[in-house]
Each structure stands twice: as C-alpha cells, then as structure tokens.
> 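Shown below is the structure under consideration.
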Amino acid sequence: MFYAAQYGHKSGAVKKWFVDDPRYKIGKEPAVYALEGSIAITGALVQWLRDNLGLIEKSSDVEALAATVEDNGGIYFVPAFSGLFAPYWRSDARGAIVGMTRYVNKGHIARASLEATLSRR
C-alpha cells in the first residue's frame, strides 16, 4: 500500500521519512505537494490471520469478526513481517502482538489487525 496525502504549497515541509512530491500546479498558483510513504503488510496481514492462524475462513470474514468486539481489548499489533516502512524505515524490525490477557479473544485480534493497517504510531 502506498499512502499519499496532500499537505500544502511548500516542498520539504515534512519530516525526512516521507517523500514529498508535487501533485499539481494550476497557472501561476504555487504547486501543491503531497507526502508519500510506503506501508507494507496491509492486505497480507488479513491473509496471515486466515492462512497462518486460521482465525477466519476467507479474508472477507475479518470485518465481521472484528465487529464482534467493542474495542481491541488492549492489544496492539505491529505487522512488521518484512520490517517497518514509512515513517520508520527499519528493515530489521519484526512483528509483535502486545497487551495480551486471558480476556482477549479472536475478535480482538481481528480488530487490532485492522487497526494496525491504519495506524503508524
């Protein structure tokens, strides 16, 4: 997955971990830039839940499973199966699930997995 977000008219206005590219320029107006960053293991995380853990039968089942709980149960998933991409760029990073208790069930794991594809803390 490649993330791009429009952020303004000044190149170089973002942290060094992202690429800022001009998106468009109309007439004499200043160019509008976007920041971009690669995010690895988005859809593959759902495949991992299906193929490696057997939590779901098909990938489309993950949303319904995640909806069986109100929150992530206090667990957080770092899906660094092939390192961390933007904004950290750490090829040596490895994945982790933290915050596990006996309260956590497969719905919490599904929810934390979906949340992890949207969050880069």
Side-chain angles (χ1 to χ4, degrees):
M1 179 177 176
F2 206 75
Y3 172 82
Q6 182 175 308
Y7 73 87
H9 297 288
K10 185 176 180 187
S11 178
V14 296
K15 293 182 179 184
K16 66 181 178 180
W17 307 293
F18 292 99
V19 175
D20 63 340
D21 289 331
R23 286 292 143 180
Y24 64 87
K25 182 174 180 349
I26 299 174
K28 294 182 181 186
E29 295 293 318
V32 173
Y33 290 85
L35 80 115
E36 297 180 347
S38 179
I39 302 170
I41 310 299
T42 51
L45 181 54
V46 173
Q47 290 175 332
W48 183 79
L49 292 177
R50 182 193 66 206
D51 300 342
N52 293 52
L53 297 185
L55 293 183
I56 52 178
E57 188 174 313
K58 55 188 185 295
S59 295
S60 59
D61 294 339
V62 73
E63 186 176 0
L65 180 57
T68 64
V69 295
E70 291 183 25
D71 57 29
N72 65 16
I75 67 168
Y76 296 91
F77 205 121
V78 180
F81 296 150
S82 58
L84 288 174
F85 285 46
Y88 305 106
W89 303 108
R90 293 286 310 262
S91 61
D92 61 334
R94 294 297 173 253
I97 301 174
V98 297
M100 299 275 288
T101 65
R102 286 192 64 185
Y103 165 76
V104 171
N105 62 43
K106 61 185 180 178
H108 294 112
I109 294 171
R111 180 157 180 153
S113 299
L114 293 179
E115 289 175 357
T117 65
L118 302 172
S119 175
R120 287 293 178 252
R121 294 180 186 162

> Is there any side chain to side chain donor-acceptor pair (under 3.5 Å) pair reaching into residues 59-68, and which pairs are they, with sequence neighbours excluded?
Arg50-Ser59, Lys58-Asp61
> Going from CG on Asp71 to CD on Glu115, what distance comes out if it is rounded to the nearest 0.5 angstrom?
8.0 Å
> Which atoms form the tightest heavy-atom contact between Ala110 and Leu49, and what is the distance?
CA-CD1, 4.2 Å
> What are the two closest non-hydrogen atoms of Glu70 and Arg111, and how far apart are they?
O-NH1, 3.1 Å
> Main chain of Gly27, side chain of Lys25: is a donor-acceptor contact present, judged purely on distance under 3.5 Å?
yes
> Hey, what do you get for CG (Asn105) to CG (Leu65), rounding to the nearest 0.5 Å?
7.5 Å
> Minimum heavy-atom separation for Gly99 to Val104, with atom names?
O-CG2, 4.3 Å
> Would you call the rings of Trp48 and Phe77 parallel, tilted or perpendicular, taking 30° and 60° as the class edges?
perpendicular
> OG1 of Thr101 to CD1 of Ile75: how many Å apart, nearest 0.5 Å?
8.5 Å
> Determine whether Ile56 and Val46 satisfy the following criterion, side chain to side chain contact (heavy atoms under 4.5 Å, CB included), listing intermediate values before the conclusion.
CA-CA 9 Å; Ile56 52 178; Val46 173; 3.9 Å; yes
> Using 0.5 Å steps for rounding, measure from the CD1 atom of Ile109 to the CE atom of Met100.
4.5 Å
> Closest approach of Pro79 and Leu45, non-hydrogen atoms and distance?
CB-CD2, 3.8 Å
